[in-house]
Each structure stands twice: as structure tokens, then as C-alpha cells.
Amino acid sequence: MIMALFLSKELAQQKRAHLNYAVAQLRSEEATDDAKMNIRLLAASPAVLLGWFGFGAYKGAVKEHPPAQRRDALLRFARIAMFNVIS
């Protein structure tokens, strides 16, 4: 009788632990999805896109082959904008 009482307590505690684990796993997955969405929204903002474009333009202006670097900056800007529209 006493053994059954301890056993039922342990089984109930095990069920609670499994439930807590499942809840923690679900919350972790939701938090990861939210973080990914926030990163996408931040990367797609006009300020960030213009910042990358400005960085590429500056890099192209100070390098020894400005036309090639400007072309690379424009392609980088277009690629970032395209990937942000697709995803």
C-alpha cells in the first residue's frame, strides 16, 4: 500500500515533468520564430537597406577600382532587396 503511494507520486511527478518539457519546447520554438521574424523585418527596413547601400558606395569610392566596387554595391543592394521581398 505504501509502495503504491510512492509509486503513484513518482508517476505523477514524471507526467508533470514531461508536460513542463513539452511546454518549454513549444515556447522556445515560438520565441525562435519571433526572433527570426524580427530579424527579417529589421533587415528589410529602408534604413538598413540604405545603410548597406551607403556602406557599399563608400567602399566603392575609396577603393582603387571604383566602377567595379560601385557595381558590386549596386548588385549587393539589389540582392538584399530581392531576398527580403521573396522571404
Side-chain angles (χ1 to χ4, degrees):
M1 183 80 162
I2 293 177
M3 194 66 127
L5 180 64
F6 287 126
L7 186 59
S8 65
K9 265 185 166 179
E10 291 299 320
L11 289 174
Q13 191 175 12
Q14 182 188 17
K15 282 184 181 180
R16 276 195 306 271
H18 279 291
L19 180 63
N20 288 341
Y21 176 73
V23 168
Q25 200 172 23
L26 181 65
R27 287 181 180 170
S28 172
E29 190 174 314
E30 289 175 355
T32 302
D33 290 343
D34 286 346
K36 286 180 182 178
M37 182 58 72
N38 288 339
I39 296 276
R40 284 187 184 141
L41 291 175
L42 177 68
S45 68
V48 172
L49 290 175
L50 287 174
W52 280 111
F53 180 72
F55 174 72
Y58 171 77
K59 189 176 172 184
V62 297
K63 290 290 182 170
E64 56 204 36
H65 300 291
Q69 293 295 325
R70 274 189 231 118
R71 191 170 38 251
D72 286 345
L74 289 172
L75 288 174
R76 188 177 301 126
F77 175 74
R79 185 173 46 236
I80 290 171
M82 182 184 72
F83 284 139
N84 284 325
V85 168
I86 289 173
S87 55

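Values below: all heavy atoms of this structure, side chains included; hydrogens, waters and symmetry mates excluded.
- Atom CG in Asn20 sits 10.5 Å away from atom CD in Gln13 (nearest 0.5 Å).
- Screening Met37, Glu30, Glu29 for a side-chain contact (heavy atoms from CB on, under 4.5 Å) involving Asp33 leaves a single residue, Glu29.
- Annotation: the span from Glu10 atom CD to Leu7 atom CG amounts to 8.0 Å, rounded to 0.5 Å.
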>> Applying side chain to side chain contact (heavy atoms under 4.5 Å, CB included) to Leu19 and Lys15, what does each step give before you reach the verdict?
In response: CA-CA 6 Å; Leu19 180 63; Lys15 282 184 181 180; over 6 Å; no
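- Remark: Ile39 CD1 is loosely packed, at most 12 non-hydrogen atoms of other residues, nucleotides or ligands lying under 6.0 Å away.
- Ser28 places no side-chain N or O within 3.5 Å of a backbone atom of Ala24 that could act as its donor or acceptor partner.
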